[in-house]
Amino acid sequence: MIASPLLPHLTGSWGGTSRPASDARTFDVVDPATGAVLARLPEYGAAAATQAVDAAVAALDAEPDAPTRRRWLLGHAEQLVAERDELARIITAENGKPLAEARGEVEYAAGFYREAARQLDRLEVFEPPERPRSLRWQIHHRRAGVAALITPWNFPVAMLAKKLAGALAAGCPAVVKPSELTPLSAIAVFTLLERLDLPPGMVNLVFGRAAEIGAVLCARPEVRVLSFTGSTGVGRLLAAQCAPTLKRLSLELGGNAPFVVFEDADLDRAADALMANKFRCAGQTCVCSNRVLVHQDVHDAFVARVAERVGALQVGPGDRPGVQIGPLIDRRGWAKVRDHVADAVAGGARVVVGGGPALAAVAVHGGQAEGASCFYPPTVLVDVRAGMRCQVEETFGPIVAVRRFADEAEAIRLANDTEYGLAAYLFSGDPARLQGVAARLHFGHVGLNTAAGPTPELPFGGMEQSGLGREGGLEGLLEFIELQTCPIGDE
Ligand code: ADP
């Protein structure tokens, strides 16, 4: 069991109070590196979600002014930085990622609160100098109302930050539903939030039976914003459930990122960028490259560079010094990666590094029997083809799947050959080519000679089946804002 000063009570909370379960149902949170049970939590359902929404609705009576909201945002950013190491320990315990990555996640999360505080001035009333219809006009930024925030397990603190920073900046009371795989990080964040002077019901936390809780959050008309990060399938379901009450939807869904290396690229730079991008959280992020497309003239040279780097990666429990790749989140995630590799190999792909044979050796890292381990060896596959599962679906694991292309037109066609549209990366020595190709890609985030991911200062989000709306920057706040236009007659 995990013990931490940031986990004084292992419960959800709403209306400013920690809430024991109303029935005996519980679920376990498991360390994916060891299989050990970290905590047993109440499994809340529809009744708890209803109470949490009621608490948030009651909090609408408090109308915090902008200076108060700025103080909360900056105060929470400071708390996160001050408790960075303890939060990182909790993230690593339940998610598995290496401690250094977990610390980086907490710093990244703090940035969203700071940025939201910085953007608050932009929410002031706007009065255009023109006087259309001979009237004075004002545009007010009104808070949308209660916000429901449903977050995933891969960045349990940062994904919450992306949403909660916008909601708090706008003044929207929030009901948070973290992933049941990583609820401890959310409980720890709430322990910190409780030390601020938030009105009761301003932030509320429930977890347990996700579908039941989700159904309540979608059905309640007072919930005006649903902000969700997770799979496209669940995103579509939530959107459908929200249709009768026409909520604002902010959906950050799946990706299938192409990483394109043209023949004029700096291959070392591209290989380094791929390593930094592909292996974050053991390959379990929605901006991780899923399809590596390499010009045929530089294919072998690029693969050799990547194989050398991948072969040197240290795999093991995230709290062990020097470890770069932790376990996958659970056996379901592990089995998906295994199946994608098997499917590719059966279809003619070749394993250059990793794959099946190294599995037994890696499995002992967690001290678990091979059949229970969540560790998967970093793997490079070549001769991957269209239609293989690892090209159609997001693998969400440490697999570099490489395909060749012959010319720019083919690279664009292959890159766009997905229903998703989150992130893409292009590498070339020709800046005009990079701009030209980016303009033809239907992805919301396109790295040009970099595989940098999102940053708190700027909007990030997907096109097509990767979602709706943006997080970060001013746009991240506007997801929680309704514009109210006031023409003003004789005063
Ligand atoms: P993943 O497969 O990466 O876990 P999911 O989309 O299943 O992604 O999960 C993301 C978040 O959505 C988690 O908090 C999960 O509990 C939640 N979730 C899953 N199914 C539902 C649902 N039917 N209604 C509401 N939330 C859900």
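Fair warning: this is a prediction, and the values are worked out from it, not measured in the lab. In each ligand, atom 1 is the first atom listed, and ligand 1 is the first ligand listed.
- Of all the atoms in ligand 1, the ones that sit under 4.0 Å from a non-hydrogen atom of Gly230 are 6 (O), 10 (C).
- Under the 3.5 Å distance criterion, with hydrogens and angles disregarded, a donor-acceptor pair is assigned to the side chains of Gln119 and Glu115.
- For the pair Phe228 and ligand 1, a heavy-atom separation below 4.0 Å is found.
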- Message: Please evaluate residues Arg40 and Asp28 with respect to the criterion salt bridge (Lys or Arg N to Asp or Glu O under 4.0 Å), reporting the C-alpha separation (whole Å), side-chain torsions for both, the decisive distance (0.1 Å), and the verdict.
- Response: CA-CA 4 Å; Arg40 179 155 293 171; Asp28 289 344; 2.6 Å; yes
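- Counting only heavy atoms of the protein, atom 4 (O) of ligand 1 lies nearest to Trp153 NE1, 3.0 Å.
- At the shortest separation from atom 22 (C) of ligand 1 among protein heavy atoms lies Ala211 CA, 3.7 Å.
- For the pair Arg69 and Trp72, the cation-pi criterion (under 6.0 Å, within 45° of the ring axis) is not fulfilled.
- Remark: Ser289 engages Phe259, Leu274, Asn277, Tyr425 in a side chain to side chain contact (heavy atoms under 4.5 Å, CB included) (not counting sequence neighbours).
- Close approach to Pro178 involves these atoms of ligand 1, each under 4.0 Å from a residue heavy atom: 14 (O).
- Summary of contacts: the protein heavy atom closest to atom 2 (O) of ligand 1 is Arg332 NH2, 4.1 Å.
- Taking only non-hydrogen atoms, the option from Lys336, Lys177, Met159, Arg209 nearest to atom 16 (O) of ligand 1 is Lys177.
- Each of the following atoms of ligand 1 lies closer than 4.0 Å to a heavy atom of Ile150: 11 (C), 12 (O), 14 (O), 17 (C).
- In this structure, the protein non-hydrogen atom closest to atom 14 (O) of ligand 1 is Thr151 O, 2.7 Å.
- Heavy atoms of Ala215 found under 4.0 angstrom from ligand 1: none, in either backbone or side chain.
- Across Val234, Ile329, Leu238, Thr229, heavy-atom proximity to atom 10 (C) of ligand 1 is greatest for Thr229.
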- Message: Could you walk me through whether Asn154 and Phe396 satisfy the side chain to side chain contact (heavy atoms under 4.5 Å, CB included) test, starting with their C-alpha distance in whole Å, then the side-chain angles of each, then the deciding distance to 0.1 Å, before giving a yes or no?
- Response: CA-CA 10 Å; Asn154 57 354; Phe396 243 51; 3.8 Å; yes
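- In terms of protein heavy-atom proximity, atom 8 (O) of ligand 1 is closest to Ser231 N, 3.7 Å.
- With hydrogens and angles left out, the side-chain atoms of Thr229 and Lys163 include a donor and acceptor closer than 3.5 Å.
- With ligand atoms numbered from 1 in the order given, ligand 1 contributes 24 (N), 25 (C) to contacts under 4.0 Å with heavy atoms of Gly214.
- Annotation: atom 26 (N) of ligand 1 to nearest protein heavy atom, Ala210 O, 3.9 Å.
- To the nearest 0.5 Å, atom CZ of residue Arg209 and atom CD1 of residue Ile213 are 7.5 Å apart.
- Proximity of Leu237 to ligand 1, defined as any heavy-atom pair under 4.0 Å, is confined to the side chain (atoms from C-beta onward).
- If you check the side chains of Arg236 and Gln465, you find a donor sitting under 3.5 Å from an acceptor.
- Separation of the Phe190 and Trp14 ring centroids does not fall under the 6.0 Å cut-off.
- Within a 6.0 Å sphere centred on CZ of Arg332, other residues, nucleotides and ligands contribute 12 heavy atoms or fewer.
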